[in-house]
Each structure stands twice: as C-alpha cells, then as structure tokens.
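Structure first, then comments.
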Amino acid sequence: MSAHENRILILDYGSQFTQLIARRVREERVYCEVHPPTLTLEEIRAWQPRGIILSGGPASVYATNGPSAEPELLDLGVPVLGICYGMQLIAKMTGADVQAGRREYGRSQISVTVPDELFAGFETGESVTVWMSHGDHVDQPPQGYEVLATSPWLPVAAFRAVDRPVYGVQFHPEVAHTPRGDEMISNFVFRISGCEPTWTAGSFIDEHLTRIREQVGDEEVICGLSGGVDSSVAAALVQRAIGDQLTCIFVDTGLLRKAEREGVERTFRSHLGMRLEVVEAQDEFLSHLAGVEDPEQKRRIIGERFIRVFERAAKELGHDARFLVQGTLYPDVIESQAVRGPSAVIKTHHNVGGLPADMQFELVEPLRELFKDEVRNVGRELGLPEEVVGRHPFPGPGLAVRVLGDVTRERLDILREADAIYLEEIRAADLYDDIWQAFAVLLPVRSVGVMGDFRTYDSVVSLRAVTSRDGMTADWFPFPYDILARISNRIINEVAGVNRVCYDISSKPPATIEWE
Ligand code: XMP
C-alpha cells in the first residue's frame with residue numbers, strides 16, 4: 001500500500017498544537033498532511049484521506065468569520081476526529097449547542113464511560129489524565145451522538161456518532177501533558193481509520209527518487225549546501241536520484257563555525273563523491289553586513305546575498321542550472337501556509353518566504369513533507385555519517401546572529417574560537433547528544449577584568465545550551481558545575497579578547513533559542 005492510499009488529513013483551525021497532531025500521526029508511521037480548513041469537499045475527496053482530524057483553534061464556533069467546515073464533511077464515509085474547537089464544530093454542524101464561558105486550562109481527569117474503539121486499552125470507569133485548553137465547551141451531545149467520557153467539569157469530554165465513526169474530544173490528546181494521548185491517536189489512526197504503518201524512511205526515499213527525476217528530467221540542478229542536517233540530506237537524496245546532474249555549492253560566507261568548510265569538503269567531496277564547488281564569498285557578505293546591527297536586517301541581507309552568490313556561481317562555473325535544491329522542512333511549510341491569519345513575525349527564517357521575488361531558479365524541496373527527526377532517519381538510510389545527521393541545528397544566517405550587534409571579522413574570529421572550545425568540551429563530556437543545540441554568543445559589551453597584574457577591558461561570551469523536542473519550546477540544559485567551570489577557564493585562558501563567560505538560563509518562551 002503506498003502512502004497515498006493510507007493517509008490522514010489534518011484540517012488546521014489555528015491551534016498552536018496542530019503540528020503536534022501531525023507529528024503524533026507520523027510517529028505511528030502513517031503519512032499525514034496539514035491543510036487549511038478552506039479545502040473544499042471536492043479537494044478533500046480527491047486527496048483520499050483514510051481519516052480526518054479537525055484541530056483545535058483559538059476562535060469560538062459562533063464567531064462571525066470563524067473558520068468552519070461543510071456539514072457534508074461528516075457524510076463522506078471517512079472517520080473524523082474533532083479536537084477541542086474541532087469537537088465544538090462537529091456539535092454546531094449537527095445542531096447541538098456550544099456553551100461559552102467556564103474556561104479551563106491545564107491538567108484534568110476524564111473518566112471513560114462507555115467502551116469504544118477510541119479508548120481501546122482503557123478500562124471503563126478509568127480515570128485518565130488529559131490536558132485541557134478551551135473557552136467554550138459542549139454540555140449535551142448532538143442528537144444521535146453518545147457520551148464516551150466525562151470530567152468533573154464537563155458532562156461531555158468526548159463523544160461519538162452512534163451510527164458513524166465521527167468523534168469529538170474536548171481535551172488535547174496530541175500534547176505530552178496527555179500522557180496516554182498517543183494511544184488515543186493510534187486508536188483513531190489504526191482501529192477506526194484502518195491505516196497501516198507504512199510511512200518509513202525507506203518508503204519515503206523510494207517515492208521521492210521518482211518524484212525528483214520526474215521534476216528535473218535531464219536538467220542541471222544546484223544545491224546550496226550549508227553542512228547542516230537539512231541541506232545535507234536534501235543533497236544526498238537528490239544525488240541518489242540524479243547523480244552528477246547535481247552540483248553542490250558551498251558558500252564560505254565568513255559566518256561559519258571553526259573548521260566547518262574543511263569538514264564539508266571532507267564529507268561531501270571525499271567521502272560521498274559529490275560534485276562540490278566551494279565559493280569564497282567572505283568579503284562580499286561581510287561588506288554588506290558592515291555596520292548592520294538589526295537582526296532582521298542581517299537576515300534579509302544574508303538571504304538575498306545567498307541567492308545572488310548562487311546565481312553568479314552557477315553562471316561562472318559554467319553550469320546551466322535551472323533548479324535549486326532547498327532543505328525546507330514541513331514546519332516551515334505549515335507556518336507559511338497563511339491559515340492562521342496575521343500572526344506576529346518573531347524571526348524571519350529565510351528558507352521560506354524570504355527569497356527575493358526575482359529569483360531565477362525553480363525550487364526542488366524534497367524534504368517539504370518531513371519533520372526534523374524524519375529527516376535524520378532519511379539521512380541515516382541514505383548512508384550519511386552520524387556526525388552529519390546527528391548535528392545540532394545551525395541557523396541559515398550563521399554566526400551573524402550570534403555575534404550580537406556589528407559583525408566584523410575580528411569579532412567572528414573570537415566567537416569561533418570560544419564556540420569550538422565549548423563544543424569540544426561538550427563532546428568530551430559525552431553530552432552532545434543530550435542537547436538539542438549548544439553554541440556560544442558574543443555579546444556587544446565589554447567588561448573589566450584582571451589578568452596577571454593587568455586590568456583588561458574585553459569581550460563577554462555567553463554560552464547557550466537547550467533541550468527541546470522540536471525547537472518550538474526549549475529549556476536550558478543543566479550542566480554539571482565542573483564542566484561549566486572547565487569551559488569557562490579554557491575560553492578565558494585560550495581566547496584572546498575574552499575575559500568573562502556567562503551561562504544563559506532562559507527558557508523558550510519567553511526567550512528564543514538564538515539571541516537574535
Ligand atoms: P529561535 O531562535 O527562533 O530558533 O528560538 C528556533 C530554531 O530555529 C533556528 N533559527 C534559524 N534557522 N534561519 C534558520 O535557518 C534563521 O534565521 C534562524 N533563526 C533561528 C535556531 O537555531 C533554532 O534551532
């Protein structure tokens with residue numbers, strides 16, 4: 001069975017947890033996609049989902065212009081699971097009342113009242129911990145629906161249609177705070193929707209080798225290789241599909257970490273035998289960044305420069321490339337699908353949306369459907385070394401967003417040295433894989449110190465290390481003190497120009513992972 005006959009459609013009503021629903025379904029090895037609720041019935045039929053999940057959302061179902069669904073959605077003969085707003089929408093579509101008020105946010109207990117497939121594996125009467133986050137709720141199930149679970153606050157915590165597999169749950173099974181939520185999602189996906197766990201790295205690769213060949217034919221393709229996980233896996237996959245039609249271009253922006261350029265050359269040219277061109281563009285990037293302190297302006301300048309450098313490199317190197325490979329991932333795609341209306345731009349990640357409008361390439365984005373952990377699995381399956389697939393994420397704008405304020409060659413050199421020592425010690429302590437991302441940041445202040453008998457007035461380095469599942473939320477990593485002490489000593493002693501080291505103990509939110 002191919003992924004196309006075996007997939008779940010998620011309609012996004014704007015909840016901050018929608019991506020988590022998709023991740024949970026994919027973790028069951030079932031393919032799914034997130035789409036806006038404006039998808040028509042025709043389009044839904046054509047997509048052929050085995051099951052449909054309606055996400056939560058911030059609106060009230062009675063709000064004018066609140067996102068809705070066509071009532072026939074429930075008559076397609078496809079199982080439906082409405083979560084929170086999705087459940088209230090089902091209630092409204094079937095003529096039941098939705099009550100406003102009595103907001104509930106946080107942990108709650110539900111009690112399963114009727115045995116049903118959705119709660120297979122749960123005892124009737126069993127108390128189950130769940131996470132609630134709602135303003136409105138449903139007091140009475142719609143006609144033809146029965147109550148499957150209640151909570152001390154809610155007479156209807158879950159319901160189903162008696163004659164069809166249409167379900168609603170008021171809580172959020174997709175979040176980690178609902179510890180057994182994955183069992184409920186698994187029940188919906190397998191028992192109720194009849195999917196099979198066919199979504200694997202191997203099946204993804206097979207399908208995409210064909211798709212890539214179809215897209216590019218015998219045209220030349222270039223790939224901007226950054227050495228990070230995403231572009232490396234994208235390049236390896238495209239190379240597997242079309243061999244030497246692919247040329248990878250690695251731009252030395254001057255914003256790279258220590259020894260990064262050499263590492264990329266070793267892995268991709270020597271080890272994987274790819275056609276790799278290294279473009280020396282340090283002066284160009286640094287001169288455009290000179291005097292720029294605003295983080296968003298740095299990102300725009302770098303995004304624009306990348307494309308210009310590629311276009312030029314492609315010409316100068318004599319390749320007549322029509323296609324450009326990018327390692328865009330699914331979270332970027334979901335975030336850029338304007339389903340949630342105007343939301344605040346926190347940082348412009350330049351993979352999506354930030355490309356100049358007059359760009360001359362057609363994009364090949366073979367990872368557009370994948371989450372980060374899936375990308376890593378595909379990379380392993382393609383034979384990329386663990387030091388590439390297991391790497392911490394590195395932002396596109398590189399060290400420019402870690403040298404706070406003005407980006408100069410001298411300040412980049414200081415940061416590179418400090419960062420290398422920091423990562424070396426983390427690896428030596430065997431902590432690299434316990435950390436989502438670790439890096440040093442050069443602050444735009446100087447502080448007074450004393451070295452030997454002399455006063456110093458030098459730079460401050462802040463260390464950042466976080467744990468995270470997906471980069472959307474993060475906690476700072478609790479290093480043992482002796483390791484922090486060793487790192488601090490080494491940086492201050494070995495890196496000229498640094499006399500103070502701090503450790504960043506901010507979580508995300510309210511901070512972000514990067515400082516800019
Ligand atoms: P923040 O700092 O927003 O970062 O908490 C979340 C994740 O995204 C990475 N990041 C970027 N990646 N271009 C990128 O490709 C960017 O401009 C960018 N800014 C942040 C960050 O390293 C973390 O993994």
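Just so you know, ligand 1 is whichever comes first in the structure, and atom 1 is the first atom listed for that ligand.
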Checklist outcome for this item: A student checking ligand 1 against Gly396 at a 4.0 Å heavy-atom cut-off should list atoms 12 (N), 13 (N), 14 (C), 15 (O)

Next on the checklist: Tell me which pairs pass side chain to side chain donor-acceptor pair (under 3.5 Å) where either residue lies in residues 477-498, with sequence neighbours left out.
Outcome noted: Glu424-Arg490, Glu425-Arg486, Glu425-Arg490, Arg490-Glu494

Next on the checklist: Under the side-chain contact (heavy atoms from CB on, under 4.5 Å) test against Leu442, which residue among Leu412, Val407, Asp419, Leu415 passes?
Outcome noted: Leu415

Checklist entry - Between Pro393 and ligand 1, which part of the residue brings a heavy atom under 4.0 Å of the ligand: side chain, backbone, both or neither? => result side chain

Checklist entry - Passes salt bridge (charged side-chain N to carboxylate O under 4.0 Å, His left out), Asp433 versus Arg427? Steps please. => result CA-CA 9 Å; Asp433 293 337; Arg427 286 189 197 276; over 6 Å; no

Checklist entry - With atoms numbered from 1 as shown, which atoms in ligand 1 lie under 4.0 angstrom from a non-hydrogen atom of Thr512? => result 1 (P), 2 (O), 5 (O)

Checklist entry - If we only count N/O pairs under 3.5 Å, is Lys508 in contact with ligand 1? => result yes

Next on the checklist: Using a 4.0 Å cut-off to any heavy atom of Pro397, which atoms of ligand 1 qualify?
Outcome noted: 13 (N), 16 (C), 17 (O)

Extract all donor-acceptor atom pairs below 3.5 Å that involve side chains of residues 385-400 and protein atoms in other chains or at least two apart in sequence.
| from | atom 1 | to | atom 2 | distance (Å) |
| --- | --- | --- | --- | --- |
| Glu386 | OE1 | Arg380 | NE | 3.1 |
| Glu386 | OE2 | Arg380 | NE | 3.4 |
| Glu386 | OE2 | Arg380 | NH2 | 2.9 |
| Arg391 | NH1 | Gly227 | O | 2.9 |
| His392 | ND1 | Ala438 | N | 3.2 |
| His392 | NE2 | Tyr432 | O | 2.9 |
| His392 | NE2 | Ile435 | O | 3.0 |

Next on the checklist: Ring-plane angle category for Tyr31 and Trp199, please: parallel below 30°, perpendicular beyond 60°, tilted otherwise.
Outcome noted: tilted

Next on the checklist: Please report whether ligand 1 has a polar contact with Ile513, defined as an N or O pair separated by less than 3.5 Å (distance criterion only).
Outcome noted: yes

Checklist entry - So His208 and Phe204, would you call those rings parallel, tilted or perpendicular, with 30° and 60° as cut-offs? => result parallel

Checklist entry - Considering only heavy atoms, which of Glu514, Glu516, Gln437 lies nearest to atom 23 (C) of ligand 1? => result Gln437

